Each structure stands twice: as structure tokens, then as C-alpha cells.
Amino acid sequence: MSDNQNVDVLEPSAPVKKTGIAHRLYTGEISYDFVGKRNRWYLISGIVILISIAALGFRGINWGIEFTGGADFQAPATVTATTIEDVRSAVAALEIAGDDLSVTTIGDNTVRVQTQTITTDTEVTAVKAAIATAVGVEPDSVAYSLIGASWGQQISTQALIALAVFLALVMIFIWAYFREFKMSIAAIVALLHDLVITIGIYALVGFSVTPATMIGVLTILGYSLYDTVVVFDKIRENTHEISNSRLTYSVAANNAVNQTLVRSLNTTVIGVLPVAALLFTGWFILGTGPLKDLGLALFVGMIAGAYSSVFIASPLLAQMREADPDMVEHRERLARRAARANEKSTHRPKAKPVTVAVGGDAAAATVVDPGTLGLVSAKDLDAEARRQRTRQTRSQRRK
């Protein structure tokens, strides 16, 4: 190789940084039309709600003895792996407790037995003796109390009042925070959606409804509200001064759903995993008790809450806002603007061919399309493109 021969050395190009799905959703590189396909989500939710209502109508709710009334026995015992089954078998053999027999443990030193209402002293004595024999204590050590149905009705009434007050406060809070009453309506519809589905699942699987269930229901309403508020806050940000943008309300709302989707999924998965462990322990290991009732309410409600925030609340809000006169006018204005742009591009004059002489010989001139030469008609140039560049001095060019 000669010394004066130039060699071009190609530097390795920098590796292209791959962006995650969360970033691509946030920037709009990829997106899914949640709002535009709202009828599909309404249909799915409608079917699930109909199944829940049918389960409530045909199977009903299995109320615990705290609501229907019953007998409660508690005995001191050293709890082992077989304690619950031993006590259950001993009491069930008397054929007094009925189908409402529930055996749980309180800590590691107390066994609790709940049965249907026992009316005679003889039956109470027999149950106390069976429990005492199963756990190895004296019958007098077994405590007995009667739970009246009126007390359960008072608990049910107080729970309904608490639910109504909660929904009213939620509506007022969202209205005051977002300054948009339609957001309050959409949030309440999503909460009722979650509530009906959760209660329907309880009726379908036959789990008893206890005070722990009530606690779980109120808790999942809070989870559902949190997801909804996060999405609504992003919708408010995207639709700020929407009348001055080129986006409709539905498009801006759908962008907000996509931008918060990963966050909602992460929050739901992190919350559902420990609840699933709680439900598994209460259902398959303990077999009964407050862990089972509380776990099912939280598990079903959290999943339903995440679904309703994305697929129900946001599309419903966009649908109601699109019906407002200002949004109707905004869509019509965008449609007129798009029509004018389309008409302008359709009637744009075609470039005229030009004659180019090859080597100064007019005889060898050829007709070519100006687009192939990079020529642009003066009519197609805007004022900024036609402006002459300022001339730089030699010292400025050297910099």
C-alpha cells in the first residue's frame, strides 16, 4: 500500500438504545384504543353483572351468624394441626349445629365454634361437652353466648349507611378536586360495578358474608378509587386547553389511559399477590374463618377495580364529555380543518416539466421532472423558506 493512499476508517456506530414498553406507551409510539372500543368493554361488564345478579337471585347470599343470629362457643385449647377437624367432627356428630357450623381458632390457645341458634339448655350442654372432650378440657371451661338476629340487622343497616356515606363523600371529593362533575359520575359507576361483581362472586361460590367481608368490600372500593383518580388526573392533564389542540377529547383520554396503563398493572399485581396468598391460606389451609372471607373480597375487588378504572370509568367519562356542546363544536372545527387540508392537497398544481440543455447543446436538451432535480415551485414555499440567509463573515465561518 502506497504512503499517499488515503484509507477511510469507519468508526463503529453507537448501539441503538431500546426503549421499554412503558416509555413507548407514554410517548404514543404504541397504543391501544381503549376508549374507541368502549362498547366491547360495556358488553363484557354487562355479561358479568348479569351473571352476578342471577347468582344473587337464585343462590342468594350466605350470611354469617353475625347477621342471622346463632350460638358462639369458645374453649381454651392447645391448637394443633388437627384441632379444627377434631372439634368439627365432634360437634357435627350431634346433628345440632346444622349447616352453619363454623370452627376457627383465635391465636394458638382458643377454639371458636359457631352454630345455628340453639334453643334448649340440653343442646347447649351437649355441644359444650363435645367441644370439651375434643380439646381435653372441662365442659365448664367452654364459654357460651347467644347472638341475636336483631344485632345482625343493626350491623347490616350500619354497613349500608357507611357505604352510602362513602359514595357520597367520594362524589364530592372528585367533583371538588377535578372541577368536573362527570368525573364523579364515572367514578361512582365504576365503584358500583366493582361492588356488584364482588357480591355476585360471593353468592356464586357460596362463601359466608361476615363482618370481615364488609371490611374487605370497603377496602377494595378504596383501591378502585385510587386507580380511577390516577387515570383521571392524567386525563385532566392531557385535556387541558383541549379546544386549542388538534386532538379530540376521546383521543386525549385514550392517550392518558395508555400512559398510566403500566403503572396501574404494576400496582394491581403488587397488591393482588399478597392477597392471593391470604386467600389461599384461608381457603385451602384453614378452610374457614375471617381470612377466607376477607381474602376473597380483596382478591375479586382489586382485580375488578383495576379493570373498571381502565375499561369503564375512562371510556364512560370520554363518552359523556364528547356529548357536551363545546366538544361537539371542537370536533366540527377539527373536521372542517381536515377537510380544507384535504382539499388543498387534492387541488395542488402539478409541477411543470423543464428543459435542461446537456453540455450547453440545446439540441441535446431533455425534458425532466423538476422534482427529480430538487426544484420546488415558489408557490409551495412558505415565507420562512424564501427568506435569504444572512451572510457570515470569514471569522464567523472559521468558528
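We number each residue from 1, following the sequence as shown. Every value quoted in this text rests on a predicted model; they were computed, and no experiment measured them. Scope of the values below: all heavy atoms of this structure, side chains included, with no hydrogens, waters or symmetry mates.
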(message) Side chains of Tyr249 and Leu317, heavy atoms from C-beta outward: is any pair under 4.5 Å?
(response) yes
(request) Look at Arg321 together with Asp326 and state whether they make a salt bridge at an N to O cut-off of under 4.0 Å. (result) yes
(message) If I take atom OG1 from residue Thr228 and atom CD1 from residue Ile235, how far apart are they, to the nearest 0.5 angstrom?
(response) 9.5 Å
(request) Measure from the side-chain N and O atoms of His330 to the backbone N and O of Leu247, and report whether any donor-acceptor pair falls under 3.5 Å. (result) yes
(request) Would you indicate whether the side-chain heavy atoms of Met327 and Thr248 approach each other to under 4.5 Å? (result) no
(request) Would you indicate whether the side-chain heavy atoms of Phe181 and Met171 approach each other to under 4.5 Å? (result) yes
(message) Could you check whether any side-chain heavy atom of Ile312 comes within less than 4.5 Å of a side-chain heavy atom of Ser45, counting everything from C-beta outward?
(response) yes
(message) Testing the basics here: between Ala203 and Arg59, what is the closest heavy-atom pair and its distance to 0.1 Å?
(response) O-NE, 2.9 Å
(message) So does Val328 get a backbone contact from the side chain of Arg333, meaning a donor-acceptor N/O pair under 3.5 Å?
(response) no
(request) List, by chain and then residue number, the residues other than Val269 in its hydrophobic cluster (Ile/Leu/Val/Met/Phe/Trp/Tyr, side-chain heavy atoms under 4.5 Å); write none if there are no others. (result) Leu273
(request) For the residue pair Val300 and Tyr202, establish whether any side-chain heavy-atom pair is separated by less than 4.5 Å. (result) no
(message) So, using ring pair (Phe, Tyr, Trp, His ring centres under 6.0 Å) as the criterion, who are the partners of Phe73 when residues are at least two apart?
(response) Tyr144
(message) Is any side-chain heavy atom of Phe299 closer than 4.5 Å to one of Ile220?
(response) no
(request) Say whether, by atom type as modelled, one donor and one acceptor occur between the side chain of Thr83 and the main chain of Thr80 under 3.5 angstrom. (result) yes
(message) Please check: side-chain N/O of Asn238 versus main-chain N/O of Ala253, any donor-acceptor pairing under 3.5 Å?
(response) no
(request) Look at the side-chain heavy atoms of Ile, Leu, Val, Met, Phe, Trp and Tyr, link any pair under 4.5 Å apart, and say whether Val48 and Val205 land in one connected group. (result) yes
(message) Looking at Ser309, is its backbone amide N or carbonyl O close enough to the side chain of Ser314 to form a donor-acceptor pair, meaning the two atoms are under 3.5 Å apart?
(response) yes
(request) With rounding to the nearest 0.5 Å, note down the distance linking CD1 in Ile199 to CG in Leu195. (result) 4.0 Å
(request) Determine whether Val127 and Ile131 make a side-chain contact, defined as any pair of heavy atoms from C-beta on separated by less than 4.5 Å. (result) yes
(request) Using the rule that two of Ile, Leu, Val, Met, Phe, Trp, Tyr join whenever any of their side-chain heavy atoms come within less than 4.5 Å, decide whether Val189 and Ile53 are in one cluster. (result) yes
(message) When you compare the side chains of Asp194 and Ser224, does any donor N or O come within less than 3.5 Å of an acceptor on the partner?
(response) yes
(request) Kindly indicate whether the side chain of Thr267, heavy atoms from C-beta on, has any atom under 4.5 Å from the side chain of Val230. (result) no
(message) Any salt bridge linking Lys182 with Asp324? Criterion: basic side-chain nitrogen under 4.0 Å from a carboxylate oxygen.
(response) yes
(message) Could you see if Val217 belongs to whatever hydrophobic cluster contains Leu163? Use Ile, Leu, Val, Met, Phe, Trp, Tyr and a side-chain cutoff under 4.5 Å.
(response) yes
(message) Using modelled atom types and a 3.5 Å cut-off, is there a donor and acceptor pairing between side-chain atoms of Thr110 and backbone atoms of Pro76?
(response) no
(message) Main chain of Phe34, side chain of Trp41: is a donor-acceptor contact present, judged purely on distance under 3.5 Å?
(response) yes
(message) Could you measure the distance from the OG atom of Ser264 to the CG atom of Asp227? Nearest 0.5 Å is fine.
(response) 5.0 Å
(message) Checking the side chain of Arg112 only, and the main-chain atoms of Gln74 only, is there a donor and an acceptor separated by less than 3.5 Å?
(response) no
(message) Can a donor-acceptor pair be found, under 3.5 Å and without considering hydrogens, that links the side chain of Ser308 to the backbone of Ala304?
(response) yes
(request) Please check if any side-chain donor atom of Tyr42 sits under 3.5 Å from a side-chain acceptor atom of Gln319, or the reverse. (result) yes
